[in-house]
J.: 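Sending over a structure as structure tokens; questions will come in a sec.
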Amino acid sequence: MNDPKVTLPFPREPKYGQAEKDAALKLLDDGHLSEINRGPATNALEAAFARLTGTRHALSFNSGTASLHAALHAVGANPEAGVAVSPMTWISAITAVFQAGSYPVFCDIDPDSPNITATAVAQVADECSAVLATHTWGIPARMDQLAQATDLPIVEDCSHAHGAHYQGRAVGSWGAAGCFSLQESKSVSGGEGGVLTTSDREVYERALTLGHHPARLAAELTLPELPLADTGAAYKYRMPALSAVIARQQLHSLPDRMLAAEQNLATLRQALEEYDAPVAWPEIGELSVRGWYGTPLAINVRVPDPKTLHEKCRAAGIPVRSQYEDWTQTPLLQRLDLAARYWPHLADSPYQPPSRDALPNYYKALRQMIVLKVPQVLAPDYMEQVAEALAAVLSRTVLTA
């Protein structure tokens, strides 16, 4: 008897539809692909993100990483004190801390969540100047607990969580600043790009000075402690107008795509429960809505070999997403001499390479977690096939180990 496999193709619509094509062609016809101030393309996108998050301000950048750099700079990250970060994130969310002139202090994740835990943040708060909380795989971090654990400014990395809410409040509005990526794999894409959201005018203006054009700085800077209208810091981080108009159209379709993904996940969950599959689902809490970059599932029985499990999932056609590398043990983060070549302030900083022993929940998750890609178009038959194949893989790979 053959093991069940997913035979249907992964359901998807074209990443960029007619609305995005029309917006891009109109921009080309208008002959304006670069906006040095808050032009019509960036203005429309920034206003849309401010509405999405319920914040007073939104500021566009050429990448999500640039928005993280600007946010950390704006909230006061500095060389004398670190930034509390989760190890379960993309590498540039860590190196942005270096770029902002500080250093990462790694905190463990919650035992039942892929996100940074408030308990660990509280333990290192005295040695930090800020917290960087990633809403990993679109699962909202427990922002109320983080806010109770420390008075430090919190920067939300919302790169996986467009449209997500925690306890009825949009991600990107809980902290001092929120940062969204518009890279092509994200739910809202401009090809490349990033957006910072905040309701703090000082954070907005400090972030603005890092990489936007003097034409915009002259029009918007009001704080007397920022005499930078003529120059800024000149990182040249502004977003291309083409990315802005494409991402603006992607926002229009986001609610429908989120609803389809939610229904697909419900189908998958029900089917896996009927198969009595040994998986646990991340609980996002009441009045919360998750984003859609990946769906983490914890395997409830010990996984002896995560690599083998992933290989068998892929062989069965199950849409597993690769987990992040363990950045904490890479040469860049373990060797101070190497990191200081790129960020010289580290040579005299209190930075300590992270230890595996301090991150038990993180390492358990690396062993026990798989991350599924869930389609953003309605696909009940496909999800049924995924459930059947996944239940079979788990029964043969994990339960028989």
Side-chain angles (χ1 to χ4, degrees), residues 2-21 90 114 135-139 159-164 181-192 246-247 249-275 277 279 281-282 284 289-299 306-325 369-398:
N2 294 329
D3 290 340
K5 296 190 177 198
V6 179
T7 58
L8 294 171
F10 187 85
R12 66 176 84 240
E13 293 181 343
K15 181 70 177 181
Y16 306 111
Q18 193 59 49
E20 288 88 346
K21 294 174 184 176
W90 179 245
H135 302 292
T136 309
W137 309 120
I139 306 300
S159 58
H160 297 176
H162 306 73
S181 169
L182 305 182
Q183 188 268 342
E184 192 159 78
S185 65
K186 305 304 190 297
S187 291
V188 174
S189 170
E192 294 287 353
I246 292 172
Q249 295 303 319
Q250 294 252 302
L251 276 173
H252 289 311
S253 64
L254 179 63
D256 289 341
R257 291 186 283 114
M258 290 180 67
L259 180 59
E262 191 69 54
Q263 292 174 312
N264 287 335
L265 185 61
T267 300
L268 176 70
R269 183 167 185 166
Q270 180 179 349
L272 285 174
E273 288 172 353
E274 291 172 355
Y275 286 115
V279 298
W281 306 79
I284 63 173
V289 177
R290 53 157 303 161
W292 295 98
Y293 187 64
T295 293
L297 299 181
I299 310 303
K307 182 179 179 182
T308 297
L309 177 59
H310 275 247
E311 288 173 350
K312 290 191 175 183
C313 283
R314 289 193 178 95
I318 298 165
V320 287
R321 183 181 288 281
S322 296
Q323 288 205 51
Y324 293 134
E325 298 291 332
M369 180 185 293
I370 61 171
V371 182
L372 300 181
K373 293 180 282 187
V374 174
Q376 296 188 11
V377 294
L378 203 57
D381 293 343
Y382 177 81
M383 301 313 297
E384 292 279 0
Q385 281 198 351
V386 171
E388 183 183 15
L390 179 56
V393 167
L394 291 176
S395 67
R396 288 164 173 76
T397 307
V398 176

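Quick caveat: nothing in here was measured; it's all calculated off a predicted structure. Both backbone and side-chain heavy atoms feed into the values below; hydrogens, waters and symmetry mates do not.
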J.: When you compare the side chain of Tyr16 with that of Gln249, does any pair of heavy atoms fall below 4.5 Å?
T.: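 No, their side chains stay 4.5 Å or more apart.
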J.: Using distance only, find each side-chain donor-acceptor pair of residues 308-320 under 3.5 Å and give its atom names and separation, not counting sequence neighbours.
T.:
unit_1	atom_1	unit_2	atom_2	d
Thr308	OG1	Asp305	OD2	2.5
Arg314	NH2	Ser322	OG	2.8

J.: Considering non-hydrogen atoms only, spot the tightest contact between Met258 and Arg290 and give its length.
T.: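 Nearest pair, atom of Met258 first, then Arg290: CE-O, 3.5 Å.
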J.: Can you tell me how far apart CG (Leu251) and CG (Leu182) are? Round to the nearest 0.5 Å.
T.: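 Going from the CG atom of Leu251 to the CG atom of Leu182 covers 8.0 Å.
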J.: Once you round to the nearest 0.5 Å, how far does CH2 of Trp281 lie from CD of Glu273?
T.: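 Rounded to the nearest 0.5 Å, the CH2-CD separation comes out at 7.5 Å.
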J.: I'd like to check Glu192 versus Glu184 (side-chain heavy atoms, cut-off strictly below 4.5 Å). Are they in contact?
T.: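 Contact flag for Glu192/Glu184 side chains = no.
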J.: Any donor-acceptor pair under 3.5 Å linking the side chain of Gln250 with the backbone of Glu20?
T.: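 Checked: no pair found.
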J.: Rounded to the nearest 0.5 Å, how far apart are CG of Leu297 and OG1 of Thr295?
T.: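 Leu297 atom CG to Thr295 atom OG1 measures 7.0 Å (nearest 0.5 Å).
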J.: Which heavy atom of Arg396 sits nearest a heavy atom of Asp3, and at what distance?
T.: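 What the structure gives for the nearest pair is NE-OD1, 2.8 Å.
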J.: Ala387: what forms a side chain to side chain contact (heavy atoms under 4.5 Å, CB included) with it, not counting sequence neighbours?
T.: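 Ala387 satisfies side chain to side chain contact (heavy atoms under 4.5 Å, CB included) with Leu268, Ala271, Leu272, Tyr275 once adjacent residues are dropped.
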J.: Look at the side chain of Arg257 and the backbone N and O of Val188, then say whether any donor-acceptor pair between them is shorter than 3.5 Å.
T.: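 Between the backbone of Val188 and the side chain of Arg257 there is no qualifying donor-acceptor contact (under 3.5 Å).
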J.: Would a distance-only check, ignoring hydrogens and angles, find a side-chain to backbone donor-acceptor pair under 3.5 Å from Gln385 to Leu8?
T.: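 Confirmed, Gln385 side chain pairs with Leu8 backbone.
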J.: Just how far is it from atom CD of Gln270 to atom CE of Met383, taken to the nearest 0.5 Å?
T.: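 The CE atom of Met383 is 12.5 Å from CD of Gln270, to the nearest 0.5 Å.
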J.: Holding to side chain to side chain contact (heavy atoms under 4.5 Å, CB included), I want the full list of residues that pass it with Met369, two or more places apart in sequence or in another chain.
T.: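 For Met369 the side chain to side chain contact (heavy atoms under 4.5 Å, CB included) partners, ignoring immediate neighbours, are Met88, Pro114, Trp137, Pro296, Gln323, Ala365, Val371.
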J.: Tell me whether the count of non-hydrogen atoms from other residues, nucleotides or ligands lying under 6.0 Å of NZ in Lys5 goes above 12.
T.: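 At most 12 heavy atoms, drawn from other residues, nucleotides or ligands, come within 6.0 Å of this atom.
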J.: Answer yes or no: is there a side-chain heavy-atom contact under 4.5 Å between Arg321 and Lys373?
T.: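 Yes, side chains in contact.
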J.: Report yes if the side chains of Thr267 and Gln263 come closer than 4.5 Å at any heavy-atom pair, otherwise no.
T.: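 With C-beta onward as the side chain, the pair stays apart.
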J.: Answer yes or no: is there a donor N or O on one side and an acceptor on the other, between the side chain of Ser187 and the main chain of Trp292, under 3.5 Å?
T.: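 It does hold such a pair.
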J.: Quick one, Lys186 and Ser159 - any side-chain contact, counting heavy atoms below 4.5 Å?
T.: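 Yes, their side chains come closer than 4.5 Å.
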J.: Hey, is the main chain of Gly138 close enough, under 3.5 Å, to the side chain of His162 for a donor-acceptor pair?
T.: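 No; zero donor-acceptor contacts below 3.5 Å.
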J.: Please answer whether the main-chain N or O of Val377 pairs with a side-chain N or O of Asn264 as donor and acceptor at a distance below 3.5 Å.
T.: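 Checked: pair present.
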J.: Please name the pair of heavy atoms, one in Ala164 and one in Gly291, separated by the smallest distance, quoted to 0.1 Å.
T.: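 Where Ala164 meets Gly291 most closely, the heavy atoms are CB-N, 3.6 Å.
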J.: If you measure from CD1 on Ile370 to CG on Leu390, what distance do you get to the nearest 0.5 Å?
T.: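 It comes to 4.5 Å.
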J.: Are the side chains of Glu13 and Gln376 in contact, using a 4.5 Å heavy-atom criterion?
T.: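 Result no, sub-4.5 Å side-chain heavy-atom pair not found.
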